[in-house]
Amino acid sequence: MSRRRFGAGTPLGLGIAVSYLSLLVLIPLAAVAWRSFDGGAGEFWEAVSSEQAVAAMRLTLLVSLAAVVVNAVMGTMIAWVLVRDDFRGKGAIDVLIDLPFALPTIVAGLTLLALYGPRGPVGVNVAFTRVGITLALIFVTLPFVVRAVQPVLMELDRDMEEAAASLGAGRLTTFRRIVLPNLVPAIVSGVGLAFSKALGEFGSVVLIAGNLPFRTEVASVFIYGQIESDGVQTAAAVSVVLLTASFVVLFGLSVFERRMTRHAG
Amino acid sequence: MSIVATGVTKRFGEYTALDDVNIAIPGGSLTALLGPSGSGKSTLLRVIAGLETPDAGDVEIDGTDVTGVRPQDRGVGFVFQHYAAFKHMTVRDNIGFGLTVRRRAKAEIRERVAELICLVQLEGLGDRYPSQLSGGQRQRMALARALAVEPSVLLLDEPFGALDARVRTELRRWLRRLHEQVHVTTVLVTHDQEEAMEVADRIAVMDHARLQQVGTPRELYEEPSNPFVMGFVGAVNRLGDSFVRPHDLELRPSANGVTHPARVERVTHLGFEVRVELEREAGGALLAQLTRDEADELGIAEGDRVHVAPRKERVFAGGAGI
Amino acid sequence: MRGRLALRFAAVGFLLAVLVGPLALVGYRAFGDGAGPVWDAATGDATLSALRLTLIITLIAVPANAVFGVIAALLLTRPRLPGRTLLSVIIDLPLALSPVVVGLALILVWGRTGWFGEWAIDHGFQVIFALPGMVMATVIVSLPFVVRELVPVLKELGTEQQQAAATLGASDVQILWRIVLPAVRHGLAYGVVLTTARALGEYGAVAVVSGKIAGRTETLTLRVEERFQAFDLVSAYTASIMLALLAVFTVAAMRLLNRERH
């Protein structure tokens, strides 16, 4: 007699899931990896070490770092204001934070260009500059730190701060010594996600960057240009580097989070 | 309807949860599976229900081998410790679920559910959601849900474990009365010996994945087959190779050749009962239970020297420790 | 007190400068010559066909990912599933992918010189520069959201209710429809909303595979860029406003669902 067990649908579900992922994720990514090594390791190396590619990757790293540093500080501050402060219109601001998640990136780039572009009303022009790219990345990665820190701050025990205050700690000392250490894991996790997103970002930067090689060309824009101009092998090689970097960030983050939860447990 | 498990073994990776368990549960009985946590009692219940598949052995319900049968087709009612209430359904829909998935007529379901709501005393609560019920009410709903499909056996996994002490006592008595009304073969898993003694007419004691002894509550208490069972169903003292219940210890003012000298460490008056903690001069603590009159007659006080002898004792082959 | 006010103004000021200001200005500029030109741009054939294409892609990608998401989340929460960690890593992979890389990957598989390209074209199945490629690109970039929302909800749900339903005689299909899906409906809806937002707004991956053929493979996001490059700012802004409105609906839906959940 066959022993049918509870949850007998598993093999069918596994078959569907694995086929779906193979068709849409694994095979396409394998094609990228395969194409990048098409001409051997030498050509791969040549592609990723060309001056233009190196400049693009270096710029990507630079503007991504700049954007997440700004968001680490501002995101923590916004989360603090949303949790601890109270004023009219706070609810609206809380809603606003989710907008960059939902707003198409191309629209984000366009709106930034309208206000801070050549014909903007404020008299600042960041079009075709690294500041402009950083601004775009700040916009699209804004929610990550806020949404990571906010729940932790809500759960944080006010007693701890009151105890520190009763022991004579000033407000800044209390924040630095008591609150901030408790927020660090959340900030790191938000920053990690934001950084990984920034590395590959395309839509929001494509209009604002102007794509001047060596000056304002980030990696994703470089890849796009190579695809358009039949440099598919180069595009694939830089894609592999970009993907690896992003994956390492996310993987490191999951290791970090696992270690933190073990610490807390 | 009877349940027979033969040679049931179940492993989870390296861990053996059931080791060659053989048990026969007579139809219409209310049997408790009693044991400490990790003894395998819940796993045995889940194997009977078909929620776990044994690695070896067979399960029969009412003389039919159901080892390879899915839980859906076994006709068992199962009640979980944490109720497993369907949170998105009303009490009525929870209770009627088994009938609904069997595509019974609406009117029939309505009638049967109303009947069960009366039986488990949830009148007037039919349109509430589980989150609006107390723990005790949720568990009665879960029982009604299990009974709705007229199961051939009713399996209860620590059903009162998540409830507070007072509700637990009430529900035990209520379950006893319910069993007398419904008479379905019932198996109850518990780690609480008092609960098992009070509710069940038969108890199966389990420890370390093995069945230790099966019998009536009285048999287990009076004639335990090993030191573990003796210790698990009541308090016990060790005197040399023999085991003595605290109320079977006699305290005497003078020695008589078979007594052991001991010093009174503490005397606790619990109304009718008096508990005496003793330290043997040969080493080792003892606990004696006296009636108030016996204690008064002895005039026992802390620091006294007394002589202890068992009125009734048990010696087990091998003399294994508890 | 003064410190608190300073923080408040810094936070609000930052959001005004980065988020609200730019969006408000686009609205203001679009309506600079009144509502007439905006209405004309919004109801023009090219815009409507772009909107239609965006909706068609979304209507295929979202249900596909919802069904896959339910299946995958059930697998990931099944105890003792071999290879569970690997499965979870592969599902999260699109989060680490640049949209441009997704587009490139599809070209390398389905393009004329790609692995399956020649075979597909011979069998009349045009992927690149056509709807199937755009759908695939959208499915990939929005793939993890339903799974990621459902896994924690399913974990919290546990398996006891499913087991209870099984002992009551419910079949696997009945357990899925009557117990699991109703119990996780808010999480599922939330995941679907996130997927929809991503599908409506995807630009990079679709830009690479579409070929941007106006009227045929031009989605609303592609039209924003194309009109901007053509210096037709009113049309670009109008398409942006349409997309922004869809985003606002999405955020509102997220809010409502979040309140329902807690």
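The chains referred to below are lettered A, B, ... by the order of the sequence lines, with proteins before strands, and numbering in each begins at 1. As a basis for the values below, the full set of heavy atoms in this structure was taken, side chains included, without hydrogen atoms, waters or symmetry mates.
Rounding to the nearest 0.5 angstrom, the gap separating the CG atom in C/L5 from the CZ atom in A/F87 is 10.0 Å. From C/L75, atom CG reaches atom CD1 of A/I16 across 9.0 Å, with rounding to the nearest 0.5 Å. For the atom pair CG (A/L243) and CG (C/L104), the distance works out to 11.0 Å, reported to the nearest 0.5 Å. Between atom CG of residue A/L113 and atom CG of residue C/L25 there is a gap of 11.0 Å, rounded to the nearest 0.5 Å. In this structure, the separation between CD on C/E225 and CG on A/L110 is 10.0 Å, given to the nearest 0.5 Å. For the atom pair CD1 (C/I71) and CG (A/L12), the distance works out to 7.5 Å, reported to the nearest 0.5 Å.
Interface check for chain C: of the options A/V249, A/L23, A/L96, the most heavy-atom pairs under 4.5 Å are formed by A/L96. Considering only heavy-atom pairs separated by less than 4.5 Å from chain C, the leading option among A/G75, A/S196, A/A30, A/S204 is A/A30. When each of C/S240, C/G204, C/A11, C/A197 is checked for heavy-atom pairs under 4.5 Å with chain A, C/S240 comes out on top. Of the listed residues (A/P121, A/G89, A/G120, A/G109), the one with the most heavy-atom contacts under 4.5 Å to chain C is A/P121. Ranked by heavy-atom pairs under 4.5 Å with chain C, the first of A/V122, A/D94, A/L82, A/V18 is A/D94. For chain A, the option among C/L87, C/I91, C/V251, C/T113 with the highest count of heavy-atom pairs below 4.5 Å is C/V251. Chain C forms the most heavy-atom pairs under 4.5 Å with one residue out of A/V81, A/D85, A/I78, A/L26, and that residue is A/D85. Of the listed residues (C/G27, C/A96, C/G83), the greatest number of heavy-atom pairs within a distance under 4.5 Å of chain A belongs to C/A96. Heavy-atom pairs under 4.5 Å with chain C were tallied for A/I223, A/L21, A/L250, A/V32; the largest tally goes to A/L21.
A heavy-atom distance below 4.5 Å is not found between the side chains of A/K197 and C/L95. Side-chain contact between A/V70 and C/F14 is present, with at least one heavy-atom pair separated by less than 4.5 Å. Residues A/Y20 and C/V139 meet the side-chain proximity criterion, which asks for heavy atoms closer than 4.5 Å. You'll find the side chain of C/L97 reaches within 4.5 Å of the side chain of A/L29, heavy atoms only. Within the 4.5 Å cutoff, side-chain heavy atoms of A/L142 are placed close to those of C/L19.
Partners of C/L233 under the side-chain contact (heavy atoms from CB on, under 4.5 Å) rule, at least two apart in sequence or in another chain, are A/R119, C/F228, C/Y237. Residues forming a salt bridge (Lys or Arg N to Asp or Glu O under 4.0 Å) with C/R84 (at least two apart in sequence, or on another chain): none.
Taking a 6.0 Å sphere around CZ of A/F251, one finds it holds 12 or fewer heavy atoms contributed by other residues, nucleotides or ligands. The 12-atom threshold is exceeded at CZ of C/R255, counting heavy atoms of other residues, nucleotides or ligands nearer than 6.0 Å.
Scanning all heavy atoms of the two residues, the minimum distance from A/Y116 to C/P22 falls at CE1-CG, 4.3 Å. Residues C/A10 and A/M74 come closest through the heavy atom pair O-CE, 3.9 Å. C/V109 and A/A31 get closest at one heavy-atom pair: CG2-CB, 3.6 Å. Closest approach of C/R4 and A/R84 over heavy atoms only: NH2-O, 3.7 Å.
With a 4.5 angstrom heavy-atom cutoff, C/I107 touches chain A only via side-chain atoms. Heavy atoms of A/D38 lying under 4.5 Å from chain C are absent altogether. Neither the backbone nor the side chain of C/A24 comes within contact range of chain A, judged by heavy atoms closer than 4.5 Å. Proximity to chain C (any heavy atom under 4.5 Å) is shown, for A/V238, by neither the backbone nor the side chain. In this structure, chain A has no heavy atom under 4.5 Å from any part of C/A137. Of the atoms belonging to C/L194, not a single heavy atom falls under 4.5 Å from chain A. Using a 4.5 Å cut-off between heavy atoms, A/L112 contacts chain C through both its backbone and its side chain. Interface remark: A/A33 contributes no atoms to any contact with chain C (heavy atom separation under 4.5 Å). Of the atoms belonging to C/Q229, it is side-chain heavy atoms, and not backbone ones, that fall under 4.5 Å from chain A. If you measure heavy-atom distances from C/L222 to chain A, you find no contacts under 4.5 Å at all. Contact of C/F249 with chain A is not made at all, since no heavy-atom distance falls under 4.5 Å. For a residue to count as touching a neighbouring chain, one of its non-hydrogen atoms must lie under 4.5 Å from one of that chain's; by this rule C/L243 touches chain A with backbone and side chain alike. Contacts of C/I140 with chain A are made by side-chain atoms alone, with heavy-atom separations under 4.5 Å and no backbone atom involved. Residue contact with chain C, scored on non-hydrogen atoms closer than 4.5 Å, involves the side chain of A/V25 exclusively. For A/A236, the parts lying near chain C are the backbone and the side chain together; criterion is any non-hydrogen pair under 4.5 Å. Using a 4.5 Å cut-off between heavy atoms, C/L93 touches chain A through its side chain atoms alone. Using a 4.5 Å cut-off between heavy atoms, C/P94 touches chain A through its side chain atoms alone. Interface remark: C/T221 contributes backbone and side-chain atoms alike to the contact with chain A (heavy atom separation under 4.5 Å). Of the two parts of C/A239, neither the backbone nor the side chain holds a non-hydrogen atom closer than 4.5 Å to a non-hydrogen atom of chain A.
Heavy-atom neighbours of chain C within the stretch residues 224-233 of chain A, taken at a separation under 4.5 angstrom, comprise A/Y224, A/I227, A/V232.
Side-chain atoms of C/S98 come within 3.5 Å of backbone atoms of A/G200 as a donor-acceptor pair (strictly under, hydrogens ignored).
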N/O donor to acceptor pairs below 3.5 angstrom from side-chain atoms of residues 98-107 of chain A, sequence neighbours left out:
{"residue": "A/D98", "atom": "OD1", "partner": "A/R147", "partner atom": "NE", "Å": "3.0"}
{"residue": "A/D98", "atom": "OD1", "partner": "A/R147", "partner atom": "NH2", "Å": "3.4"}
{"residue": "A/D98", "atom": "OD2", "partner": "A/R147", "partner atom": "NH2", "Å": "3.3"}

Begin with the C-alpha distance, continue with both residues' side-chain angles, and end with the deciding distance and a verdict on side-chain contact (heavy atoms from CB on, under 4.5 Å) for C/V102 and A/F202.
CA-CA 12 Å; C/V102 171; A/F202 179 70; over 6 Å; no

